[in-house]
Number of protein chains: 2
Amino acid sequence: MKKVELYTDGACSGNPGPGGWGAILRYGEHEKELSGGAHDTTNNRMELTAVIEGLKALKEPCMVTVYSDSKYFCDGVQKGWVYGWKKRGWKKSDGKPALNPDLWEELLTQLGRHQVEIVWVKGHAGHPENERCDRLAVAQSEKHR
Amino acid sequence: MKKVELYTDGACSGNPGPGGWGAILRYGEHEKELSGGAHDTTNNRMELTAVIEGLKALKEPCMVTVYSDSKYFCDGVQKGWVYGWKKRGWKKSDGKPALNPDLWEELLTQLGRHQVEIVWVKGHAGHPENERCDRLAVAQSEKHR
RNA sequence: AGACACCAUGUUUG
DNA sequence: CAAACATGGTGTCT
């Protein structure tokens with residue numbers, strides 16, 4: 001399996017409001033930038049979308065290291081929250097609905113396709129790829145207003 | 001009898017953990033701020049303490065309107081929970097012990113001294129005195145860590 | 001099952 | 001400075 005690095009970030013002006021996401025895929029020397037946005041969305045939806053779109057862009061199953069600054073995404077997977085929500089019919093521990101089940105379902109599909117390792121990076125802390133993704137995301141959020 | 005307004009709030013970092021309470025007494029133009037804290041306590045103990053200390057600070061029996069955001073306190077008195085617990089020897093309806101009987105006893109003493117009306121206010125909803133009490137309480141909880 | 005409060009964490013903004 | 005998006009938990013009661 002090919003070893004790939006995926007850097008992601010999301011932005012959302014107003015939150016909720018117009019938002020964007022950015023992703024950088026790196027395979028050896030090769031690098032690919034992806035980005036997109038939506039007219040009315042949230043920061044967390046954009047963070048999830050960045051990861052989903054990054055993974056979907058891979059034509060074959062890979063070993064992927066995903067770098068994200070979103071605890072919502074990182075903990076949602078690494079601490080197993082998402083599996084609990086799904087098991088309970090997209091309810092949280094307090095019985096209230098877990099949000100964004102559409103995106104989490106898509107994400108689970110992609111996580112099943114690849115061998116994924118997740119690394120949380122602190123936002124706005126000088127991480128070069130994270131900042132590039134941030135700029136991609138912000139540009140898209142401006143496009144979608 | 002003098003007409004007095006009492007605003008109260010409690011805070012507890014960690015819950016249980018270091019906590020604080022804040023109270024504002026208003027009599028006409030006069031206003032007095034009270035606050036205090038404890039090293040290891042709970043949010044509900046601080047909410048009750050804020051009311052108790054506010055009422056204790058009155059040197060004579062008064063007509064007091066108490067403003068609190070705690071349903072534990074407001075319903076405990078207004079729905080008569082506390083009288084039931086006391087009658088049953090500090091047991092709840094399910095037979096298990098009612099908690100914080102020390103504070104509830106002190107509170108009943110103070111309620112007997114004054115003519116008290118209770119008003120529940122939603123927390124963090126722009127109520128100015130409630131927010132001032134919150135800041136007093138938080139400051140104390142930081143002092144007691 | 002419901003309610004209120006208290007807290008912990010990160011991100012996104014204004 | 002303060003708010004929204006999202007999650008985990010405890011303190012307490014009915």
Side-chain angles (χ1 to χ4, degrees), chain A residues 8-21 40-50 68-82 84-85 91-101 103-104 120-125 130 133-134 137-138 141-142 145, chain B residues 8-21 40-48 50-51 68-82 84-85 91-94 96-101 103-104 120-126 130-131 133-135 137-138 141-142 145:
Chain A
T8 67
D9 197 22
C12 183
S13 158
N15 196 29
W21 56 270
D40 188 49
T41 185
T42 69
N43 64 328
N44 287 331
R45 288 190 70 82
M46 290 297 96
E47 300 275 9
L48 293 180
T49 303
S68 165
D69 61 23
S70 166
K71 279 285 186 188
Y72 181 50
F73 161 65
C74 294
D75 287 351
V77 178
Q78 290 193 299
K79 299 197 177 171
W81 297 348
V82 63
W85 303 331
K91 304 282 184 209
K92 296 186 291 181
S93 31
D94 64 5
K96 279 161 197 154
L99 301 194
N100 308 312
L103 294 176
W104 285 107
W120 176 77
V121 297
K122 186 163 176 54
H124 306 279
N130 181 260
C133 289
D134 180 61
V138 169
S141 94
E142 279 162 7
R145 31 171 290 154
Chain B
T8 67
D9 196 23
C12 182
S13 162
N15 194 29
W21 57 269
D40 187 49
T41 185
T42 69
N43 65 328
N44 288 330
R45 288 189 69 82
M46 289 297 97
E47 300 274 9
L48 292 181
V51 179
S68 166
D69 62 23
S70 167
K71 283 283 187 189
Y72 181 51
F73 161 64
C74 294
D75 288 351
V77 178
Q78 290 191 301
K79 300 197 175 169
W81 298 347
V82 63
W85 303 333
K91 305 283 186 209
K92 294 185 290 181
S93 25
D94 65 3
K96 282 166 193 152
L99 300 193
N100 308 312
L103 293 177
W104 284 108
W120 176 77
V121 297
K122 184 158 181 55
H124 306 277
N130 181 259
E131 306 213 344
C133 290
D134 180 62
R135 271 176 241 127
V138 169
S141 92
E142 278 162 8
R145 34 175 258 148

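First the proteins, then the strands, lettered A, B, ... as listed; each starts at 1.
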Novice: Could you give the CG-to-C1' distance, from B/Asp9 to C/rA5, as a whole number of Å?
Specialist: 9 Å

Novice: Between atom CD in A/Glu47 and atom P in C/rU13, what is the gap in whole Å?
Specialist: 9 Å

Novice: For A/Asn44, which residues count as a side chain to side chain donor-acceptor pair (under 3.5 Å) partner, sequence neighbours excluded?
Specialist: none

Novice: How many angstroms lie between atom CE of A/Met46 and atom OG of A/Ser13, to the nearest 0.5 angstrom?
Specialist: 12.5 Å

Novice: Work out which heavy atom in B/Ala98 is nearest to a heavy atom in B/Pro101; give both atom names and the distance.
Specialist: O-CD, 3.7 Å

Novice: Between C/rG10 atom P and A/Lys122 atom NZ, what is the distance in whole Å?
Specialist: 6 Å

Novice: On the nucleotide C/rU11, are OP1 or OP2 found under 4.0 Å from the side-chain N or O atoms that A/His124 carries?
Specialist: no

Novice: Which one, C/rC7, C/rU13, C/rC6, comes nearest to the side chain of A/Ser13?
Specialist: C/rU13

Novice: Output one letter per nucleotide in nucleotides 7-14 of chain D: B when a protein non-hydrogen atom lies under 4.0 Å from the base, S when only the sugar-phosphate is that close, - when neither is.
Specialist: SSSBBSSS

Novice: Starting from P on C/rG10, measure out to CD on A/Gln78 and report it in whole angstrom.
Specialist: 15 Å

Novice: Donor-acceptor pairs under 3.5 angstrom involving side-chain atoms of residues 71-79 of chain A: please list them, not counting sequence neighbours.
Specialist:
unit_1: A/Tyr72; atom_1: OH; unit_2: A/Leu99; atom_2: O; d: 3.4
unit_1: A/Tyr72; atom_1: OH; unit_2: A/Asn100; atom_2: ND2; d: 2.9
unit_1: A/Tyr72; atom_1: OH; unit_2: A/Trp104; atom_2: NE1; d: 3.1
unit_1: A/Gln78; atom_1: NE2; unit_2: A/Ile118; atom_2: O; d: 3.1

Novice: Donor-acceptor pair, distance only, cut-off 3.5 Å: does the side chain of A/Asn43 make one with the backbone of A/Cys12?
Specialist: no

Novice: Just jot down the side-chain contact (heavy atoms from CB on, under 4.5 Å) partners of A/Asn130, sequence neighbours excluded, or say none.
Specialist: A/Asp9, A/Asp69, A/Val121, A/His127

Novice: To check you understand the geometry: which heavy-atom pair defines the closest contact between B/Gly126 and B/Glu131, and what is its length?
Specialist: N-OE2, 3.1 Å

Novice: Quantified as the angle between the terminal helix axes (five pairs each), what is the overall bend of the helix from C/rA1-D/dT14 to C/rG14-D/dC1 to 10 degrees?
Specialist: 20°

Novice: Output the rounded distance in Å from CE (B/Met46) to P (C/rC7).
Specialist: 12 Å

Novice: Go through the structure and list residues passing side-chain contact (heavy atoms from CB on, under 4.5 Å) with A/Ala137, not counting sequence neighbours.
Specialist: A/Ala11

Novice: Are A/Trp85 and A/Lys92 close enough, and set up right, to give a side chain to side chain contact (heavy atoms under 4.5 Å, CB included), and what steps lead you there?
Specialist: CA-CA 6 Å; A/Trp85 303 331; A/Lys92 296 186 291 181; 4.2 Å; yes

Novice: Write down the distance between CG (B/Asp75) and C1' (C/rG2), rounded to a whole number of angstrom.
Specialist: 12 Å

Novice: How many whole angstroms separate atom CG of B/Leu48 from atom P of C/rA5?
Specialist: 15 Å

Novice: Does A/Ser141 or A/Gly95 map to a spot on RNA chain C nearer the 5' end, using the closest nucleotide for each?
Specialist: A/Gly95

Novice: Scan A/Gly10 against the nucleic acid and name what it touches under 4.0 Å (heavy atoms): base, sugar-phosphate only, or nothing.
Specialist: sugar-phosphate

Novice: Just the rounded figure in Å: distance from C1' of C/rU12 to CG of A/Asp69.
Specialist: 9 Å

